[in-house]
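Below, chain A is the first sequence line, B the second, and so on; all start at residue 1.
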Protein chains: 2
Amino acid sequence: MHVLLVEDDEPVAESLRRGLKRYGFEVDWVTTGAAALAHPGPYDVVLLDLGLPDTDGLDVCKALRGRGDVPIIVISARSDETDRVVGLELGADDYVSKPFGVREVIARIRAVMRRVRPRTPADAGPDRYGTRLTVDRKAARVHLDGAEVALAPKEYDLLAFLTEEPGALMSREQIMEAVWDANWFGPTKTLDVHVAALRRKLAGAITIEAVRGVGFRLEVAGDTP
Amino acid sequence: MHVLLVEDDEPVAESLRRGLKRYGFEVDWVTTGAAALAHPGPYDVVLLDLGLPDTDGLDVCKALRGRGDVPIIVISARSDETDRVVGLELGADDYVSKPFGVREVIARIRAVMRRVRPRTPADAGPDRYGTRLTVDRKAARVHLDGAEVALAPKEYDLLAFLTEEPGALMSREQIMEAVWDANWFGPTKTLDVHVAALRRKLAGAITIEAVRGVGFRLEVAGDTP
DNA sequence: CATCACTTGCGTATCAGTGGGCAGGTACCT
DNA sequence: AGGTACCTGCCCACTGATACGCAAGTGATG
């Protein structure tokens with residue numbers, strides 16, 4: 001899964017690149033429209049920032065579209081409607097406005113990919129974690145021992161993120177970037193509250209242990225015999 | 001996946017062609033009924049506009065139907081019942097009225113393909129959801145406990161879309177794109193009203209639950225064992 | 001004139017985020 | 001090693017914001 005990331009803002013690009021790599025994407029990163037057009041490819045999807053220094057991103061979009069039908073997802077700091085419409089009319093497949101969460105970008109990439117490959121094997125049922133917990137990402141539902149667990153949206157997002165890679169240690173910053181916004185800074189106490197909610201609602205099926213000074217690690221109960 | 005698009009209105013055709021290509025379809029585009037009949041094929045599905053300049057689209061439909069069993073999806077500016085019925089009686093497999101969302105067209109193509117694939121020409125019967133509700137996509141009719149339910153066009157479109165994948169969570173944006181127009185933005189409050197109408201008219205047979213901040217999810221009553 | 005799509009507005013429920021207090025672990029100092 | 005002060009994470013309760021549900025009204029269309 002090959003992604004071309006066209007983004008001049010380094011912190012944003014770095015964050016995106018890290019996030020995407022964590023989800024198994026190969027990422028090539030260029031900072032100018034010219035470089036984007038010069039890059040060979042082929043790519044599975046192009047992430048294109050509209051606010052580039054050298055060229056108008058819209059021209060790049062048009063040029064890319066002209067030379068093939070690689071899916072394009074436009075990133076923009078401006079979130080007003082005109083931009084959105086212009087971007088989509090030029091042939092972009094989707095549009096994400098800053099500030100965005102890495103999770104959201106990934107969801108959109110997957111959505112775009114699914115269009116081209118409609119019947120993915122991953123279309124099968126919900127993911128199972130251990131013997132008690134299932135996460136149905138298509139329906140955004142969580143079941144514990146067969147009974148549905150009512151999770152608030154943020155709680156679900158958080159769980160969905162942590163279960164992407166059970167057992168992996170996630171830093172607070174990583175989690176905030178993924179579930180809240182890219183480039184989050186400030187208090188992360190909210191995270192504690194939501195972690196507590198998950199612990200309470202999913203007691204027995206998973207454990208979320210805090211790693212002091214770093215972040216959290218989700219473990220599936222009865223997973224390491 | 002090969003599609004023949006018969007449509008004289010260029011902007012509409014262009015938009016459809018782009019959209020379909022993006023979803024992995026091969027599209028051949030002709031602007032007249034004569035050209036449609038002259039085109040070789042074979043195609044997996046024909047998208048046929050009824051408002052053609054040279055021929056009455058209905059004649060084209062009949063002619064196509066006479067020479068083989070390629071699935072036909074009729075597109076029409078007129079959305080009233082009589083047209084629907086006439087088109088479908090002439091052998092069309094489904095019916096989409098303008099203005100339509102690209103996603104909806106794709107959903108219907110897939111639905112038609114799914115139905116045609118297991119060749120049982122006799123019973124291309126209505127789809128059944130649970131024990132009480134049937135959606136007859138060929139006739140654009142909905143029955144509850146055997147009795148027809150009078151649905152407004154938009155209500156039917158919405159139901160048809162939501163029942164494409166029962167239990168799946170659909171975001172507001174997805175729904176607006178599919179049932180209203182591609183690339184819809186702005187208020188989605190209208191959606192709530194139509195959802196409310198479906199809930200009222202189909203009470204007991206289905207439940208449409210809101211997922212806060214995301215969208216809606218249709219469930220068939222007595223469907224979660 | 002009837003139907004339907006859409007808007008508006010209000011009541012209500014839910015949720016994200018915050019602050020205070022508590023507990024357990026950590027580091028530092030003697 | 002022992003004691004202590006501090007820091008981090010955890011729990012509880014509160015609040016402002018916001019999304020949803022529905023009923024009623026408006027305007028367009030045939």
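With rounding to whole Å, A:Lys201 atom NZ is found 11 Å from C:dT14 atom P. As rounded to whole Å, 17 Å separates atom P of C:dA13 from atom CG of B:Asp192. Put simply, CD on A:Glu209 is 13 Å from P on D:dG9, counting in whole angstrom units.
The side chain of A:Lys154 lies closest to C:dG17, out of C:dG17, C:dT8, D:dG21. The nucleotide whose nearest atom lies closest to any side-chain atom of A:Lys189 is, among C:dT8, C:dA5, D:dC11, D:dC11. Listed nucleotides C:dC15, C:dT26, C:dT18 differ in distance to A:Pro153; the shortest reach to its side chain belongs to C:dC15. Comparing C:dG20, D:dC22, D:dA19 by their nearest atom to the side chain of B:Ala196 picks out D:dC22. Considering only side-chain atoms of A:Arg212, the nucleotide from D:dG21, D:dA19, C:dT26 that sits closest is C:dT26. Counting only heavy atoms from C-beta on, B:Thr190 has its side chain closest to C:dC6 among D:dC12, C:dC4, C:dC6.
Contact annotation for B:Arg200: no contact, since no heavy-atom pair falls under 4.0 Å across all strands. Note on B:Val193: a base of the nucleic acid sits closer than 4.0 angstrom, heavy atoms only.
Comparing A:His194 and B:Ala152 against DNA chain C, the residue whose closest nucleotide sits nearer the 5' end is B:Ala152.
Using a 4.0 Å cut-off between charged nitrogen and carboxylate oxygen, A:Lys138 and B:Glu165 count as a salt-bridge pair. Using a cutoff of 4.0 Å between basic side-chain nitrogens and carboxylate oxygens, B:Arg141 and B:Asp136 are not scored as salt-bridged. Remark: B:Glu155 does not engage B:Arg200 in a salt bridge, criterion side-chain N to carboxylate O under 4.0 Å.
Phosphate contact (OP1/OP2 of D:dG9, side-chain N/O of A:Arg172, threshold under 4.0 Å): present. Phosphate contact (OP1/OP2 of C:dA16, side-chain N/O of A:Trp180, threshold under 4.0 Å): absent.
Each of A:Leu169, A:Leu158, A:Asp192 was evaluated against A:Phe216; a single residue qualifies, A:Asp192, per the side-chain contact (heavy atoms from CB on, under 4.5 Å) test.
With hydrogens and angles disregarded, no donor-acceptor distance shorter than 3.5 Å links the side chain of B:Thr188 to the backbone of B:Leu191.
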